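Quantities reported herein were computed from a predicted structural model and do not represent experimental measurements. Labels below follow one simple rule: chain letters A, B, ... track the order of the sequence lines, proteins then strands, and each chain is numbered from 1.
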Amino acid sequence: MSWVTIIWSMTASACLTMGALNLLVWSKQRTAWANLLFSVAAFGAAAFAYFELSMLRAQTPAEYGAALRWGHVAIWFMAVSVVVFLRLYLHAGRLWLAWAACGLRTLALLLNFMSGQNINYLEIDSLIQIPLFGESVAIAHGVHNPYTWVPQASSFLTLVFGVDATITVWRRGEHRKALVVGGGLVLFQVIAFAESLLVIRGIVRAPITLSLPFLGLVIAMGYELSREVLSAAQTARELRESEARMSLAVGAANLGLWIRDFTRNEIWASDKWRRLFDFAPSEHLTFDRVLQRVHPEDREVVERVMAEAKAGTGRYEMDFRLSLPNGEVRWIASRGGVEFDAEGKALRARGVSRDITANKKSEQESRLLRQEIAHAGRVSLMGQLASALAHEISQPLGAILRNAEAADLFMQHASPDLDEIRAILADIRADDKRAGMVIDRMRALLKRNELNARPLAVDEFVADVVSLTQADALARRVKLNADISSGLPRVWGDRVHLQQVLLNLIVNGMDALEGSSRPDRQIDVAARLNDARMVEIAVTDTGRGIPVDALPRVFDPFYTTKPAGMGIGLSVSRTIIEAHGGRIWADNDPRGGATFRFTLPLAEEAPPS
Amino acid sequence: MSGGTPVVHIVDDDAAFLVAVARLLKAAGYAVRMYPSAAELLTNLGDDAGCVVADLRMPGMDGLDLQGVLSRETNSLPVIFLTGEGDIPTTVKAMRQGAEDFLTKRGPKEDLFAAVDRALARDARQREERAQLRLLHGRFGTLTAREREVLRHVVAGRLNKQIAADLGISERMVKLHRTAITTKLQVRSVAELTRLVQAAGLFV
């Protein structure tokens, strides 16, 4: 049994195995350059172990010389790949040192084939047998090559490079990396350097056994790389976990996901997203096809927002409509971001989409309701008419003013353009006529202000008004109760006018509660059939009530107790109720608020003529 | 880019008022252009300097919508609103969105002229700023990826030695990169460089 054969063969096979493993890693992941370099170094070490064994077993000086000579090819691969590995893996070490070490090593390889038997010996004259592990092995004796300093200098520079890189990495705080990889290299280089000095120069009589310490370095590097593989496995596990959490959240939030790859012009989308946009699960998606789903009126905006995000803003957020093949319109809220490469070129966009049709609908409804309430706030007919009049008339008046001013300025010019001024005067006349027509129209409208009375269900018309004011009441923290029996007989009245009266009373009640800190800020609307066979509707608030001296005057025109009131609402209400043949009055509630009541005749009784 | 005489773009759905305001501004020496609707203005708007005088209430796209769209355009002209009767919530909203001014239709003409002058001045200023920013971005665009990386470290106040260690390059290379950066960006000091980076809105 030869120990030498066993040890060197095992060293070579260990190196081969680790090299093969890392080559496999690189072949799966082509950016893992560290693994490729590692495998080159390991294969180099395996090859050198073979050449070393050949040298130990050499029978003639020629055999020894040839093995040493070809061994330098393996050394070149080992040395260069280790330097580059360090540089790539540690991101440290001075670049010029790396270049110098590799350059000298290459020079050494050239000289190795061009001068003498090899770079170490000009000529090997004899082999000396010395004992090793109980058998005899060969070492060389001969004339040294004068260029032997070249590979030695390269080894020295590699050592310096390694020390420098190790220090940088250590200072960076990556102590383990510095110790294992940097330390491993430095130790190996010291041994290699010492061996080449002592053995090659014949100071010590020992065989060249570089591959053994190099195996140590290979193990150190392999240990470090395998840590990365382990941590990658850990990351993969965490990634799966986070993906599971993500899809849970996405599912719960009803979000559709999509990713658009700009370079390949492809879109990936989750099933949920495909359902939102009405695409089949296997349908091929392009941006144009997605755009076809967007409502024609929103298409331009969507395109522009996406283009802007791609061009630089990086983020986008928008609401738009889809117009689906079945004619359905769907509101989508979409947000996302664009990923750029180092040169600022857009790589891919990611986003989430959500169906917000229901939100949009309720938003629209509440906006409509608010508008109606704001509108109804200016309750009196006169007020509405006055505001409409002012708006209609301010246009022609504004035009007249601007025309007159323009004419004034033109007249100040050195040679006034009389045609222009004539045109201005004609326009002024036309605008004056327009304003006159607006006033005539309003006048006609005022005249036509007659009752359009018919039988009305009390519970229905009260419910209409209550639903109209409910949101306002909520915003003003007022509880609005209406409990009207559907069994009441129908009344005779003009629905629109009566709604205005009730609305006015409720809004007044809320105004009365303004500033009240009572916990029971509320308004009750009630209705009953009174002894005179009329329906009596009462609106009661929990405010401070009406001052006794003001009670008889609240229905007078232009009388008001409100800071911003006009004194019109109640007087118009009285006009309307009396026109219906009813009565309206106010009194204070014993509990401390005010009650407004009005009566209306029943529909089955003879209507007022 | 453009230059030339700034144009006052007037938008009003009321043809009579539109013509009257245009006449008044023309008589006062402004170059004017008229549009019957906001959409018409948006389709015909070039990149000339100027400002917009718009009616607040218009059918279809109203004044506030117009302002919203304009503010996202590359040529985001300042907007002056005209309104029949100014109600407070609308005024507040318009001013929040960056309206240059808010005038009633029958207010003094001097107010209108003053507002137009202010709007044109603001447009000129913004135009200048945008041009400046484009110039800066152009210069930054000439930097290589490595130079950008070095620049990021320099403006973070790091020393050459630290940068060299961080990037794994020699101190001499850092110095070379710095020289290239200052030459390309036409600056002399780190302070100036930092100011420039901030102005261009980089690394934020």
What's the shortest heavy-atom distance between Ala27(B) and Ala406(A), and which atoms?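 Looks like CB-O, 3.8 Å.
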Which heavy-atom pair separates Ala399(A) from Ala20(B) by the least distance, and what is that distance?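 Here Ala399(A) and Ala20(B) meet closest at O-CB, 3.4 Å.
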Check whether any side-chain heavy atom of Leu95(A) lies under 4.5 Å from a side-chain heavy atom of Met173(B), and answer yes or no.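 Not touching, per the 4.5 Å side-chain cut-off.
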Any side-chain heavy-atom pair from Arg23(B) and Glu420(A) closer than 4.5 angstrom?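 They are in side-chain contact.
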Inspect the surroundings of [atom1] in [X] and state if more than 12 heavy atoms from other residues, nucleotides or ligands are less than 6.0 Å away.
{"X": "Gln162(B)", "atom1": "CD", "answer": "yes"}
{"X": "Arg335(A)", "atom1": "CZ", "answer": "no"}
{"X": "Arg130(B)", "atom1": "CZ", "answer": "yes"}
{"X": "Arg94(A)", "atom1": "CZ", "answer": "no"}
{"X": "Lys184(B)", "atom1": "NZ", "answer": "yes"}
{"X": "Arg176(A)", "atom1": "CZ", "answer": "yes"}

Mind checking the CZ-CG spacing from Phe17(B) to Asp427(A)? Nearest 0.5 Å is all I need.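 Reported to 0.5 Å precision, the distance equals 13.0 Å.
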From Leu25(B) CG over to Leu409(A) CG, what is the distance, rounded to the nearest 0.5 angstrom?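 If we round to the nearest 0.5 Å, Leu25(B):CG and Leu409(A):CG are 9.5 Å apart.
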Under 4.5 Å heavy-atom distance to chain B, tell me which part of [X] shows up: side chain, backbone, both or neither.
{"X": "Ala430(A)", "result": "neither"}
{"X": "Ile424(A)", "result": "both"}
{"X": "Gln412(A)", "result": "neither"}
{"X": "Asn403(A)", "result": "both"}

Interface moiety of Asp166(B) toward chain A, non-hydrogen atoms closer than 4.5 Å: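 It is neither, since no heavy atom gets under 4.5 Å.
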Do you know which of His91(A), Arg434(A), Glu405(A), Arg87(A) has the most heavy-atom pairs with chain B at a distance under 4.5 angstrom?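 With the most close heavy-atom pairs to chain B, the winner is Glu405(A).
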Top contributor to chain B contacts, counting heavy-atom pairs under 4.5 Å, from Leu401(A), Ile400(A), Leu90(A):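 Highest number of heavy-atom pairs under 4.5 Å: Leu401(A).
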Candidate list Lys105(B), Lys109(B), Arg106(B), test side chain to side chain contact (heavy atoms under 4.5 Å, CB included), partner Arg402(A), passing option: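 Testing Arg402(A) for a side chain to side chain contact (heavy atoms under 4.5 Å, CB included) against Lys105(B), Lys109(B), Arg106(B) leaves exactly one candidate, Lys109(B).
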